[in-house]
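What follows is a short report on a single structure.
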Protein chains: 4
Amino acid sequence: MLFHVDPGNGHPIYDQIARQLKFAVASQAIRAGDLVPSVREMAQHLAVNPNTVARAYRDLQVDGVLEPLRGEGLRVTREAPDRCRLQRRQLLGDRLKAAILECRRGGLSPDEVRDLINHVLAETASSETLP
Amino acid sequence: MLFHVDPGNGHPIYDQIARQLKFAVASQAIRAGDLVPSVREMAQHLAVNPNTVARAYRDLQVDGVLEPLRGEGLRVTREAPDRCRLQRRQLLGDRLKAAILECRRGGLSPDEVRDLINHVLAETASSETLP
Amino acid sequence: MLFHVDPGNGHPIYDQIARQLKFAVASQAIRAGDLVPSVREMAQHLAVNPNTVARAYRDLQVDGVLEPLRGEGLRVTREAPDRCRLQRRQLLGDRLKAAILECRRGGLSPDEVRDLINHVLAETASSETLP
Amino acid sequence: MLFHVDPGNGHPIYDQIARQLKFAVASQAIRAGDLVPSVREMAQHLAVNPNTVARAYRDLQVDGVLEPLRGEGLRVTREAPDRCRLQRRQLLGDRLKAAILECRRGGLSPDEVRDLINHVLAETASSETLP
DNA sequence: GTGGTCTAGACCACG
DNA sequence: GTGGTCTAGACCACC
C-alpha cells in the first residue's frame with residue numbers, strides 16, 4: 001500500500017484517501033473483489049483518525065466503488081474498475097482544465113501556456129519524488 | 001472590469017479576487033497608479049459580500065500590490081506590475097504543477113499525462129468562455 | 001424450505017431468519033415436534049455464516065419456539081404454533097404501524113395514506129415474487 | 001419547527017433528521033429559498049450532537065435538497081420541493097411495501113393483510129400522538 | 001455568526 | 001474481528 005496523505009494541502013484528508021483509492025483501482029493496484037484494508041489498519045498506516053478513513057470509505061460506497069461484506073470488511077465492487085478508470089480521467093482532467101483555464105483567463109496566451117506546461121513537465125519529470 | 005467569481009469552485013472568493021487583480025496588473029489591464037474600484041463598487045459588481053472584497057484588498061496591500069491613497073481609495077503601487085508578472089508565473093505554475101503531479105501519482109504515465117493535457121488544451125482552446 | 005434472506009435490507013440477517021421461521025410455524029409449514037435443519041445445513045442453504053444461523057436459533061430458543069433434543073438437533077416446541085400465530089400478528093402489525101405512522105407524521109392526510117396503501121397493494125398483488 | 005427524533009428506534013438519528021426535513025419541504029412547511037436552522041440551533045433543539053445534524057445536512061446536500069450559502073448557512077434549493085415530494089412518496093411507499101410484502105411472505109392472505117391494515121389504521125387514526 | 005474538518009473515545013450490531 | 005453511530009470538543013475558513 002503506497003498511500004500518502006498530506007494534511008494542510010488544502011484538500012480534506014478523507015478526499016485524498018478516496019481519490020487515491022480510486023486511482024489505485026483504476027491502475028489495477030487493487031482489483032475488483034479485493035478487500036480494502038480495514039478502517040483501523042488504514043488509519044494506523046496513514047497516522048490518521050479512524051473516523052477520517054471511515055468517511056472516505058463511506059463516500060466510496062456512495063460512489064459504488066466499495067460494498068460492505070457484513071462482518072468481513074469492505075470489498076471493491078465489480079463495477080469499480082471501469083468506474084474508477086473513467087473517474088480518474090474525469091477528476092484529473094477537471095483539475096488540469098481548471099488550472100489551464102485560469103492561465104488563459106489570467107492573460108497568458110496559448111503559447112505562453114504551452115511554454116509554462118512544458119517547463120512544469122520538465123520539472124516534474126526529473127528528480128521529483130514519485131510514489 | 002471583467003472579473004468573474006465562482007463560489008463553490010473550492011477556492012475562497014477573496015482569493016479569486018486577489019489573484020485576478022494581480023493577473024490584471026500583470027497583463028497591464030490595470031496599471032501602476034490606477035485606482036481600483038471601491039470595496040462597495042466591487043462587491044456590488046461581483047454580487048459578493050463587501051467584507052470579502054475588503055479581505056482581498058487587505059491581502060493585496062500586504063503583498064505590496066495596493067497602497068492606500070488617503071481619502072481617495074486604493075492605488076496600484078509602482079512595484080506592482082513587476083511583482084505581479086513574477087507572481088503570475090509562480091501562482092499558475094504551482095497550480096499546474098500540483099495537477100500534473102497528481103496525474104503522475106494517480107498512475108498515469110508521462111505519455112498519458114501529455115495526452116490528457118493535449119485533450120484538455122483542445123477543449124479549452126475552442127469555444128470556451130474567456131473573459 | 002423456502003427461506004429467503006436479503007442482506008442489506010437494513011434488518012439483521014439473524015432476525016430475518018428467526019422471523020421467517022416463526023412465520024413458517026404460524027402457517028403450519030413447520031409443525032410442533034418437527035426438527036429444524038441443522039445450523040450447518042441452514043447456513044449453507046442461505047449462503048450465510050453459520051454463526052448467524054446459530055444466533056437465530058438461540059433467539060428462538062429464548063422465545064420458546066425451539067427446544068434442544070439431545071444429540072438430535074432442535075425441535076419445534078408444542079407451544080410454538082400458538083405463540084407464533086400471536087407473534088406474527090404482533091410483529092407484522094408493529095411494522096405496518098410504524099410505516100403508517102411515519103406517513104402521517106410525514107404530512108400525508110389519512111386519505112393520502114389510504115391511497116398510497118392501495119397503490120402499494122396493487123403493486124404487490126400483481127406479479128410479485130412470493131415464496 | 002416540529003422535528004422529533006427517537007434514538008434507539010433502529011434508524012440512525014441523522015437519517016431521521018434528513019427524512020423529516022425532506023417531508024417538511026414536501027409539505028411546504030419549509031419552502032425553496034428558506035434557510036434551514038443552523039447546525040447548532042437544530043442540534044440544541046433536538047438535544048443531539050451538532051455533528052449528527054451536520055451529517056444529516058451533508059446528506060441533504062448530496063441529495064440536492066440543501067445548498068450552502070457561504071457564511072450564511074444552508075438554503076433549500078429551488079429543485080427541492082419537487083424532489084422532496086417525489087422522494088416522500090418513494091420513501092414512504094418503500095417502507096409500506098416492505099411491510100406488506102413481509103405480511104404476504106409471512107403467510108397472510110391478501111384479505112388478512114387488508115384486515116390487519118384496517119386494524120392498524122383504526123389504531124393510528126384515534127388518539128395517537130401526532131406532531 | 002456560519003459550516004467543515006479532524007481527533008478522541010465510547011458503544012453497538014454483526015458475523 | 002469488522003464497520004456504523006454518536007458524542008465531545010477543538011480548530012479553521014469564510015462571510
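Each chain gets a letter, A, B and so on, in the order the sequences are listed, and its residues count up from 1.
- Atom C1' of nucleotide E:dC14 and atom CG of C:Asn9 are separated by 14 Å, given to the nearest angstrom.
- Distance CD (D:Glu67) to P (E:dG3): 14 Å, rounded to an integer number of Å.
- Distance A:Arg75 CZ to E:dG15 P: 14 Å, rounded to the nearest Å.
- If you check F:dA8 for Watson-Crick or wobble pairing at under 3.5 angstrom, you find it paired to E:dT7.
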Derivation of the salt bridge (Lys or Arg N to Asp or Glu O under 4.0 Å) call for D:Asp15 and D:Arg19
CA-CA 6 Å; D:Asp15 218 23; D:Arg19 287 173 77 96; 5.2 Å; no
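- The CG-C1' distance, from A:Leu66 to F:dT2, rounds to 14 Å in whole Å.
- Atom P of nucleotide F:dC6 and atom CG of D:Asp59 are separated by 11 Å, given to the nearest angstrom.
- With a cut-off of 3.5 Å on both Watson-Crick or G-U wobble distances, the partner of F:dC14 is given as E:dG1.
- The minimum heavy-atom distance linking B:Arg58 with B:Arg55 is given by the pair NH2-CD, 3.0 Å.
- Going from atom CG of D:Asp6 over to atom C1' of F:dC6 covers 15 Å, rounded to whole Å.
- D:Met42 places its CE atom 19 Å from the P atom of E:dG1, with the value rounded to the nearest Å.
- No more than 12 heavy atoms of other residues, nucleotides or ligands sit less than 6.0 Å from atom CD of D:Gln44.
- Across all non-hydrogen atoms, the minimal contact from D:Ala18 to D:Ala56 is N-CB, 4.1 Å.
- Shortest non-hydrogen contact noted between B:Gln87 and B:Lys22 is OE1-NZ, 2.8 Å.
- For the pair A:Tyr57 OH and F:dG4 P, the interatomic distance rounds to 11 Å; values are reported in whole Å.
- Residue A:Gln61 is classed as a sugar-phosphate contact, given heavy-atom separations below 4.0 Å to backbone atoms only.
- The main-chain N or O of D:Val65 is never found under 3.5 Å from a side-chain atom of D:Asp63 such that the two would form a donor-acceptor pair.
- Dense packing is recorded around CD of C:Gln61, with more than 12 heavy atoms of other residues, nucleotides or ligands lying under 6.0 Å away.
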Heavy-atom contacts, protein to nucleotides 8-15 of chain F, under 4.0 Å, summarised as B (base), S (sugar-phosphate only) or - (none) per nt, yield BB----SS
